[in-house]
Number of protein chains: 6
Amino acid sequence: MKSFLYPTINPPSFTWVRPESGKGSKVHEWIQPITASTDPEESKNAEVVVLGVPLSRSSISASGASEFPEAFRRSWRSFTTYNLEDDVDLSEMTVLDAGDVPMHVTDIGKCHDNIIQASALVHSHFQSSKVCGIGGDHSITAMMVKGLHEAKPTEKIGILQFDTHFDLRDMSDNGPSNGTPMRNLIESGVVEGSNMYNIGLHGFFNTKDLKQYADEKGVNYFTLRETRKKGIEATVLQCLEELSSKVDTIYLTVDMDVLDIAYAPGVPASTPGGMTTEELLEGVLVAGKHPKVKAMDIVCLDPFKDTLVQQTVKLGTHVFLTFLTGVMLRQGASI
Amino acid sequence: MKSFLYPTINPPSFTWVRPESGKGSKVHEWIQPITASTDPEESKNAEVVVLGVPLSRSSISASGASEFPEAFRRSWRSFTTYNLEDDVDLSEMTVLDAGDVPMHVTDIGKCHDNIIQASALVHSHFQSSKVCGIGGDHSITAMMVKGLHEAKPTEKIGILQFDTHFDLRDMSDNGPSNGTPMRNLIESGVVEGSNMYNIGLHGFFNTKDLKQYADEKGVNYFTLRETRKKGIEATVLQCLEELSSKVDTIYLTVDMDVLDIAYAPGVPASTPGGMTTEELLEGVLVAGKHPKVKAMDIVCLDPFKDTLVQQTVKLGTHVFLTFLTGVMLRQGASI
Amino acid sequence: MKSFLYPTINPPSFTWVRPESGKGSKVHEWIQPITASTDPEESKNAEVVVLGVPLSRSSISASGASEFPEAFRRSWRSFTTYNLEDDVDLSEMTVLDAGDVPMHVTDIGKCHDNIIQASALVHSHFQSSKVCGIGGDHSITAMMVKGLHEAKPTEKIGILQFDTHFDLRDMSDNGPSNGTPMRNLIESGVVEGSNMYNIGLHGFFNTKDLKQYADEKGVNYFTLRETRKKGIEATVLQCLEELSSKVDTIYLTVDMDVLDIAYAPGVPASTPGGMTTEELLEGVLVAGKHPKVKAMDIVCLDPFKDTLVQQTVKLGTHVFLTFLTGVMLRQGASI
Amino acid sequence: MKSFLYPTINPPSFTWVRPESGKGSKVHEWIQPITASTDPEESKNAEVVVLGVPLSRSSISASGASEFPEAFRRSWRSFTTYNLEDDVDLSEMTVLDAGDVPMHVTDIGKCHDNIIQASALVHSHFQSSKVCGIGGDHSITAMMVKGLHEAKPTEKIGILQFDTHFDLRDMSDNGPSNGTPMRNLIESGVVEGSNMYNIGLHGFFNTKDLKQYADEKGVNYFTLRETRKKGIEATVLQCLEELSSKVDTIYLTVDMDVLDIAYAPGVPASTPGGMTTEELLEGVLVAGKHPKVKAMDIVCLDPFKDTLVQQTVKLGTHVFLTFLTGVMLRQGASI
Amino acid sequence: MKSFLYPTINPPSFTWVRPESGKGSKVHEWIQPITASTDPEESKNAEVVVLGVPLSRSSISASGASEFPEAFRRSWRSFTTYNLEDDVDLSEMTVLDAGDVPMHVTDIGKCHDNIIQASALVHSHFQSSKVCGIGGDHSITAMMVKGLHEAKPTEKIGILQFDTHFDLRDMSDNGPSNGTPMRNLIESGVVEGSNMYNIGLHGFFNTKDLKQYADEKGVNYFTLRETRKKGIEATVLQCLEELSSKVDTIYLTVDMDVLDIAYAPGVPASTPGGMTTEELLEGVLVAGKHPKVKAMDIVCLDPFKDTLVQQTVKLGTHVFLTFLTGVMLRQGASI
Amino acid sequence: MKSFLYPTINPPSFTWVRPESGKGSKVHEWIQPITASTDPEESKNAEVVVLGVPLSRSSISASGASEFPEAFRRSWRSFTTYNLEDDVDLSEMTVLDAGDVPMHVTDIGKCHDNIIQASALVHSHFQSSKVCGIGGDHSITAMMVKGLHEAKPTEKIGILQFDTHFDLRDMSDNGPSNGTPMRNLIESGVVEGSNMYNIGLHGFFNTKDLKQYADEKGVNYFTLRETRKKGIEATVLQCLEELSSKVDTIYLTVDMDVLDIAYAPGVPASTPGGMTTEELLEGVLVAGKHPKVKAMDIVCLDPFKDTLVQQTVKLGTHVFLTFLTGVMLRQGASI
């Protein structure tokens, strides 16, 4: 059952039974797992590749975000491939599920190395695909980006981040936890602070010294209040415009804790006064349309904390599908 | 204890004890159950008649929406009859609770027939009353409308629908389930596609062929994005205006899954990116004011899935009371 | 992806990815789904065949028991194949997962017919296998037994039932609901009342006329108090002994509502004062050992009502594995 | 709608619709509310009278036990009147629901006075009926007993208590809270300490000085460990025997916190290591059979804390029905 | 361990261990409990004093709002002192936690007296501090304001209220419950009706006679619809402007039930159609900036009803921190 | 605020405010935190020392057991120091709370080293105290025992384990996770397999090769079925007797997953068919009485998964207090 990506990447733990015809109207009937029978060459041109990154033991607070990749795949059944509002049928694109990065139980460093290697492998093999990392906690972002950098060392990378936090904590305190990915990337020289754009900061969830560090490093940020004043679409467009003038590749990272806690009960770090679902989806759609946005991730969603009806897991999947809608609209546009 | 509607309609399973004076300030002290002592003639002129439709075994996904009529009645105690914002006291209207349509455990066809008969009986007897069906899953709408059609065969019927879905699935697959009511009405000739107006479609919850069927049949629809751009009030007004130029009676159906899942945790089919409570209440108020809107229903609310504080049940009742506010404002206006 | 049982039986909706070696230590790595590549002849001799029966729209109260087959399969990962207490490794047996009986959304009669056909097909093809039906509500038992009867018309069938209820309600009221399976079998002549043995009745959950009907038909029953006085093992052994002197095949049906509500929060019909987990598992183990017990089912478990840690789903799976332990111990014994 | 007990006692807030025939097989179709049309004389001979006592603002910890009387009535639908294990049909007895004691929101003393008056009225009017108080927190017991004493001043009263606590706290600290009822009765001279029998004390939930007070006053108690060693039935029989040699009337009070927290999640004060459901039901049955047990109550059950399937509320109702079974068995015996 | 406020005010039940340096970046490391070693004189000039008011047995519906002060203190760890959006570090202010008002279990009048005394003591000692009362139910507001009046009898007091309700119920019915604080203040002459400004009324949660009473007494109110039309900031500013022309001190009371039930699941009286978090925080910020707003409270938040991730408790704390941000911005401004 | 144990051990994150008198009747008023003012010499003779070990990122499945030490301390308020059944007042013993072992976020090896050091320090300083480790996941047991071994290298150590699992997994797979502590101790030579006694194994939760390893190493084990046949008390006594003839010190480890899932919903790895609360408490009491049992731990309890009323956390604390009761009874006995 192992694919050509094995053992760098494990296959998904389960696979949906697909309809006879090979094509159905639901997301779980459409996305194709990469299996032993997947042809490496043919698969190369997939528009999108999904990579599960089930790591959350690196989280500062106890977290079950490692369970999101599986919950994400289970939720596919609740979605069709057709987006009525944009009159777009995602099933015209090929989306492959590469499976999950293998993790070690007690050696977090090894987990992080595994993510870097898996990311590098995916970005190397699927040169033109959009790569979607499904976390996991936010520590994975640094590793996903490092892997991208390893695969395409000549491409300058910028980051568009939706987050309630800077994620610029000092790594010397507690290593590369979920509070550090942006600093990790700055300090390792993979991304410059001035090529980072953070949208959604608000409330009492960052310390003053983190802001000072951000300012020193030239990190760009828009508080939620500023974002709302300007408009989410305009804010994201401005970030993308600035970024695209400076970098070759934009990596989009969606920390689900940017959302108001009423919209994201399954994100323990979500807070009162955060973004609405509508705002986040609008922002992600705009980002998805930009040709330089070539990779993204969704992090910090803990299905154990979710409601009976899986409100937050469904929202996580909706963010993913919205990003794909952007990708597809762009493709349509480019014809 | 049986009323003059028996056995077509069962009395409610329980009745609130009413205050001595016969009139209190709470909704449960005001709405009157139709009982053995209710005079058929006198009751005829009630402004509003409530009919419980506790059927959800016809739902595609397992659903406890059959429990909503009872939960609805229990929630009355949390509401007064007085709406401060519109300075309207609903208790000036007579609202009767006709009870529930009797259901069969294993013969869904019989359940549906029972709903048609009950609807026909209510619409025949209460010729000028607004009839409010309390579902139940969305399959009941087709039956409620058929009953209305049976009672008033010469009246042309149009539909105003708040929904995340088209509800236009092919009945040859799985019979008249909750995915089919609009198609059921089109195919049975009771309502023309072009007299259907659907507000709130969004996301990845409809298939492309359903859209094509809708287009073929001339079904009108406004996605949530379009609705927000235009404004909810303006959108509803436009639908009502168009409808009132074409039909005699407008039937309002509120599928609670139109709401964002943060606002409707007790609606398993509610989704991320749906309507806010404020938007739905505004839309229902506008609809309630229109004289041609003579019947409505509220469907797909499963109290088993609701929160500890019954968030969604209370919202369902609020939708009902908001509709009644519209009715009353209109009446005031017409004086 | 369709197996040789298709279209009478659908494959499971998903399949676990199995280890390279073909054999692992967890239940999900061991039980084999019947797929397109399963050889009909070879598979014939499987010791056990699992059949999902996802029907609960026939339940008197709204129920999500239709979701148990899938939850059951998901829970496999929490169990190893090795039972330390009996020093038995179930993986020495071949257990096949035949998939699920296809269901219709609005025609319950058709659902029931489908179950009969699927049961008949399984019992015909897998002549010597133990067949385990995974419900669904209790209405399925009548259909599973009818299918068994159809497949093996010359075998006299008896029933061993763990239940809080008689399940002898009159079918003329509401058709073949979950309150009727035993009466259904008596009235259809498939099983004689005197060949039915019910263990676990207690409390205020049956009406007097059902007891009278049971007495008239010679149905045997042991209240929970009697069972505890005699001992669960002794009680089950007595039932099996009496049954085996009268019938060729014993069908074991486990209505999970026999359990105390503290042990089975995910069974809405479970009650205070019911069996403990220990008692039920002991009873099922004894039954599993008996060579004439050739089929069994587990019913009325609604995963939607279960706790955060899936207490009841895990218990349902434990009942299944305990039955298999009995089967295996018997096999060992017979060598 | 007011009964002859009004205004000392309010009618229940709602009434179940009863079957045409006047008699059904479910508890809610059997127990009769006392209404305006209830004849005072005829009703006198009811075997049992239920009195709701919705007070819990007197509880030391914040409690919703005031909601139990209503939840209790709602749960009736889940029970039949027929107890198979004892072959007893409760519907042969007349059970009346007197309604609820009216409560004041901010004057707890007035609430307590109201309970005394209501209890006195019920005991005076229904001289030979068993009176069942449905709490409410444990402070109500002192008041129910005082009312009984007021109605029948010549009868000497003893108490049989199932409890994790002594409930002998000093009233001078915080008034007649739920920690004080037994001391309240001793200090007011209504019941002597030596006529109190407490079963079920265990764990770390009483202070040493309460034990000393109990010993000084001659309060009898059996820890749970002692009770289990002796057997629950034998323990209760011994208490009853001793009591009946000393008093005229035995008042049974069931503090649901005597149960293990696994059996009573809806009782915030329930603890690990408490009674099982089976034990409590056995004890209550024995007590119900004793002719001198003429009144009882069930207290400290908070429906707000209960599980999705209302595990604890159902258990509370089961305790009540089990007591009635005892009453009926005794009546049968006495014939 | 008792402070100089004892016994009028108890110390908090627990204290956070503070960092060596005496200063940390989290709220729980910053706010200082008043203990035995607190110097009365030095402490006088604290910018803010917190007073817990754990009373909710005076609530009309059973409530656990008495648990909010403790939950509030526990939640501090989830917040930093730095507000990025306003670039304000609250830790530049001194905030003292005075502890909790002692309560009596069964004498609500005594509880209310204790609150008055505690409020008077705090306002007397901390003449220039902002006093923040942490409820508790809304009955405490009348007492907190009476205490303020007692301490500063010459200051004319006005009230700015965020609420879904008038809280003008007649005290002769049920005493000074949580439905009465505004009427209590009017009738006791402490605040004139015309100096009360209520923002957020909506829906079916007030009776008509309360509106009439409000109108008679000149109470000012803005329904939520009016507020949204005008803008929350503008509405609050108008209230503050009018108030500051008439009174010396403005007391801000935030009844958390003003919020939509989706935003405040832990407020049992919250309703569909209420304020969003964003609106409330904006309103509170504006109020906090006004120099005449010298005291505030947060009431009716019941942590027992809250979600797994403590959505509402966190929101309550955010309201408090937002008020403090206003205070600090004003201070900055005044420099 | 740092104690003489700092920085090897951090003080508890919060401290309860203690009564003036220095002594109260509740557990939280009795257990004394070790603070800056604790005298090292005087404290030496404490009968019991508590050490929090908040590590669960080493758990195979995502776990919040790291939160138990804090939840444990919070729950103290629900318990008195007096055990009525044994007439023992624990407050006659001195119990110190040493605080928590400091943990690193991303370096699990460092966490484990810290535990070893903290355990060594505590065992060195408090030579004659019983040391109670409050986990955390089961990986901590190996470290706690290694620390004990380091402190007292000449003492031979044996282990009494309550567990559903062997915890003998191969460390070469995933390092010292919660599946490995017993193997870790065997392989490191700290404890011989033949000095390990495991009680409570049952069901399908161990693999056959683990049993084989156990047998090879001479690990002693009693399945739950065997334990029940022999009696829990007799089983534990036999283990203690055998152990005390072979070792100097017995370490008791209570993996809460030994409990039936109905009794321990807050232990994700608890299973159907496990121990009852009564059984575990009885076993722990017997162990506590043995003079050679000088250290113990409680592991794998995840408060995030617990019920509304904190059923499992309370049970964890009850296990601790029951152990202390044993200690005290022994002390009394030895006089």
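Because the structure is a prediction, the values reported are computed rather than measured. Numbers restart at 1 for each chain; the letters A, B, ... are given by sequence-line order, proteins then strands.
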Let me know if [X] has heavy atoms under 4.5 Å from chain D in its side chain, its backbone, both or neither.
X      : answer
F:L321 : both
F:T276 : neither
F:T322 : both
F:L90  : side chain
F:L315 : both
F:T80  : both

Rounded distance (nearest 0.5 Å) linking atom CZ of F:R77 with atom OG of D:S61: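 Spacing of CZ (F:R77) from OG (D:S61) equals 9.5 Å.
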What residues of residues 253-262 of chain D sit under 4.5 Å from chain F when only non-hydrogen atoms are counted?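 Listed by number, the contacting residues are D:D260, D:I261, D:A262.
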Residue-level contacts of residues 196-213 of chain D with chain F, using a heavy-atom cutoff under 4.5 Å: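 The residues closer than 4.5 Å to chain F, in numerical order, are D:L201, D:H202, D:G203, D:F204, D:F205, D:N206, D:T207, D:K208, D:K211.
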So for atom CZ, which belongs to D:R169, do other residues, nucleotides or ligands contribute more than 12 heavy atoms lying within a distance under 6.0 Å?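 No, not enclosed.
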Check this for me: F:K229, atom NZ, are more than 12 non-hydrogen atoms of other residues, nucleotides or ligands nearer than 6.0 Å?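 For F:K229, atom NZ is not crowded (no more than 12 foreign heavy atoms under 6.0 Å).
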For the side chain to side chain contact (heavy atoms under 4.5 Å, CB included) test, which of F:D86, F:L84, F:N83 pairs with D:T223?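 In the set F:D86, F:L84, F:N83, the residue that makes a side chain to side chain contact (heavy atoms under 4.5 Å, CB included) with D:T223 is F:L84.
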Any non-hydrogen side-chain atom of F:E85 less than 4.5 Å from a side-chain atom of D:E226?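 Counting from C-beta outward, F:E85 and D:E226 never come under 4.5 Å.
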Is it the side chain or the backbone of D:F304 that comes within 4.5 Å of chain F heavy atoms, both, or neither?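 Backbone of D:F304 only, per the 4.5 Å heavy-atom cut-off to chain F.
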